[in-house]
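See structure below.
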Amino acid sequence: MSEKVASRGLDPLGFIEREGSHARVPRVFRPVVGAARDRLLDVFGARLDSAYLYGSIPRGTARVGRSDLDLLVVLSEEPTGADRDAARVLGEAVDKEFPEIDGVGTLLYSRARVLSEPERYDIGWFVACLCTPLLGEDLAEFLPRYRPDSLLARETNGDLARYLPRWRERIAATDGAEEVLRPLVRFMSRHLVRTGFTLVMPRWNGWTSDLREMAEAFAGYYPERAEQLRRAAVLGSEPVGDRAVLLSYVDDLGPWLADEYARVHGVKAPQPQNRS
């Protein structure tokens, strides 16, 4: 299957439309968002350049008690270890206070890194297309428009092979407890589904952040692997603490995806600071 289909998630010129907005935040989650916004200002003060929401809450698809709050914070200078600790403590406090969410995840970068050339089709694209402004200047104003092409595919997810050894180490280091394995299953499931989707994104000719829609788009081009990605899409939303699932990711689905990605789109160039 190689033909393109009607565009989805694109504007009339074929650029990816920015997803999410404050208007889409469900009423039940608005106090959570407000608390996070105020505490980010308290913690980072004048060093805070901008902050964003992303994920299911600004898309309006979050589920009470099941979805997490996703934040991206941009500082005027390179984040320190103390900054990352402060962001973690802030997230734990918000998570504890608001039962409406199941965890808080915070990405932390400097303004210079977000706007740097090496990150233009990775973090820059993420901010411009997948993030909803929460505080400060919107850095999307300084970034280009993006199409769902092979360049974007390579620069967003063309580094899976580098992550797999780290994932194996994380799995080996866990004690097998449900509360430890479940977040790993959710994280790795989502990563693999998004990688599978961006593998076919240029042929599918569109953008979506819905895990199940991503899996179905992938299935149209790789039917022999379709059920694996469909299952991963389910586990990305409804994770279980099963070590066998994680091992299947690093021993089978992950290596196959990394090899196929390199064949189709090439391998992403190493970044100055790789994320784990």
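For reference, positions follow the sequence shown, starting with 1.
No donor-acceptor pair under 3.5 Å is formed between the side chain of Asp95 and the backbone N or O of Glu92. No donor-acceptor distance shorter than 3.5 angstrom exists from the side chain of Arg194 to the backbone of Met214, with no hydrogens or angles considered. Side-chain N or O atoms of Arg190 include one that pairs as donor or acceptor with a backbone N or O of Gly236 at under 3.5 Å. Between the Ser248 side chain and the Val245 main chain, a donor and an acceptor come within less than 3.5 Å of each other. In this structure, Arg243 contributes its side chain and Ile171 its backbone to a donor-acceptor pair below 3.5 Å. Under the 3.5 Å distance criterion, the side-chain polar atoms of Glu119 are left unmatched by any main-chain donor or acceptor of Arg113. Not one N or O on the side chain of Asp49 forms a donor-acceptor pair closer than 3.5 Å with the backbone of Ser76. Checking side-chain atoms of Lys268 against main-chain N and O of Arg154 turns up no donor-acceptor pair under 3.5 Å.
No continuous path of ILVMFWY side-chain contacts below 4.5 Å connects Tyr109 to Leu41, so the two sit in separate hydrophobic clusters. Under the 4.5 Å side-chain heavy-atom criterion for grouping Ile, Leu, Val, Met, Phe, Trp and Tyr, Leu247 is connected to Phe187 within one hydrophobic cluster. Residue Leu151 is grouped with residue Val264 when hydrophobic side chains (ILVMFWY) are merged at heavy-atom distances under 4.5 angstrom, including chains of intermediate members. Residues Phe15 and Phe197 do not share a hydrophobic cluster, clusters being chains of Ile/Leu/Val/Met/Phe/Trp/Tyr side chains in contact below 4.5 Å. Linking ILVMFWY side-chain heavy atoms closer than 4.5 Å, directly or via other members, places Leu108 and Leu48 in a single hydrophobic cluster.
In this structure, the side chains of Leu257 and Leu192 come closer than 4.5 Å at one or more pairs of heavy atoms. For the pair Leu71 and Leu53, the minimum side-chain heavy-atom distance is below 4.5 Å. Within the 4.5 Å cutoff, the side chain of Val250 has no heavy atoms near those of the Leu246 side chain. A 4.5 Å side-chain heavy-atom check between Thr198 and Trp207 finds at least one atom pair inside the cut-off.
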Return all side-chain donor-acceptor pairs below 3.5 angstrom for residues 127-138, not counting sequence neighbours, or 'none' if the list is empty.
{"from": "Glu137", "atom 1": "OE1", "to": "Arg111", "atom 2": "NH1", "distance (Å)": "2.9"}
{"from": "Glu137", "atom 1": "OE1", "to": "Arg111", "atom 2": "NH2", "distance (Å)": "3.4"}
{"from": "Asp138", "atom 1": "OD1", "to": "Arg18", "atom 2": "NH2", "distance (Å)": "3.1"}
{"from": "Asp138", "atom 1": "OD1", "to": "Ala140", "atom 2": "N", "distance (Å)": "3.1"}
{"from": "Asp138", "atom 1": "OD2", "to": "Arg18", "atom 2": "NH1", "distance (Å)": "2.7"}

Side-chain donor-acceptor pairs of residues 57-65 under 3.5 Å, sequence neighbours excluded:
{"from": "Arg59", "atom 1": "NH1", "to": "Gly55", "atom 2": "O", "distance (Å)": "3.4"}
{"from": "Arg63", "atom 1": "NH1", "to": "Glu238", "atom 2": "OE2", "distance (Å)": "2.4"}
{"from": "Arg63", "atom 1": "NH2", "to": "Ser237", "atom 2": "O", "distance (Å)": "3.0"}

Cut-off 3.5 Å, no hydrogens considered: what does the side-chain donor-acceptor table look like for residues 27-35, sequence neighbours left out?
{"from": "Arg30", "atom 1": "NE", "to": "Val25", "atom 2": "O", "distance (Å)": "3.1"}
{"from": "Arg30", "atom 1": "NH2", "to": "Val25", "atom 2": "O", "distance (Å)": "3.2"}

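Closest of all the heavy-atom pairs between Asp149 and Pro202 is C-CG, 3.6 Å. Of all heavy-atom pairs spanning Ala51 and Leu40, the tightest one is CB-CD1, 4.0 Å. The shortest heavy-atom contact between Arg84 and Pro79 is NH2-CB, 3.8 Å. Between Pro255 and Arg168, the shortest heavy-atom contact is CG-NH2, 4.0 Å. Nearest heavy atoms, Gly124 versus Leu143: O-CD1, 3.3 Å. The two residues Asp68 and Asp102 come nearest to each other via the heavy atoms CB-O, 3.4 Å.
In this structure Thr208 satisfies the side-chain hydrogen bond (donor to acceptor under 3.5 Å, both in side chains) test together with Glu213, sequence neighbours excluded. Every residue was checked against the ring pair (Phe, Tyr, Trp, His ring centres under 6.0 Å) condition with Tyr249, not counting sequence neighbours, and none meets it.
Taking the six-membered ring for Trp and thresholds of 30 and 60 degrees, Trp167 and Tyr163 have nearly parallel ring planes, at less than 30 degrees apart.
The ring-ring contact (aromatic ring centres under 6.0 Å, His included) contacts involving residues 44-95 comprise Tyr54-Phe126, where partners must be two or more places apart or lie in separate chains.
The distance from atom CG of Leu253 to atom CE of Met188, rounded to the nearest 0.5 Å, is 12.5 Å. Atom CG of Leu115 and atom CD of Glu141 lie 11.5 Å apart (nearest 0.5 Å). Once rounded to the nearest 0.5 Å, the distance linking OH of Tyr261 with CG of Leu160 reads 9.5 Å. The distance from atom CG of Leu90 to atom CG of Asp42, rounded to the nearest 0.5 Å, is 8.5 Å. Rounding to the nearest 0.5 Å gives a distance of 11.0 Å between CG of Leu69 and CD of Glu100. The distance from the CH2 atom of Trp125 to the CD1 atom of Ile16 is 6.0 Å, given to the nearest 0.5 Å.
Checked options Arg230, Arg225, Arg231; the residue passing with Gln228 is Arg225 (criterion: side chain to side chain donor-acceptor pair (under 3.5 Å)).
Between Phe218 and Trp204, the ring center distance fails the sub-6.0 Å criterion.
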request  = Carefully, step by step, assess Glu260 and Tyr222 under the rule side chain to side chain contact (heavy atoms under 4.5 Å, CB included).
outcome  = CA-CA 11 Å; Glu260 184 66 4; Tyr222 293 96; 2.7 Å; yes
task = Give the C-alpha distance, both sets of side-chain angles, the deciding distance and a yes or no for side chain to side chain contact (heavy atoms under 4.5 Å, CB included) between Arg145 and Leu13.
result = CA-CA 10 Å; Arg145 305 293 307 280; Leu13 297 178; 5.7 Å; no
ask   = Going through the distances and angles, do Arg120 and Glu117 end up as a salt bridge (charged side-chain N to carboxylate O under 4.0 Å, His left out)?
value = CA-CA 5 Å; Arg120 179 152 296 182; Glu117 184 64 30; 3.5 Å; yes
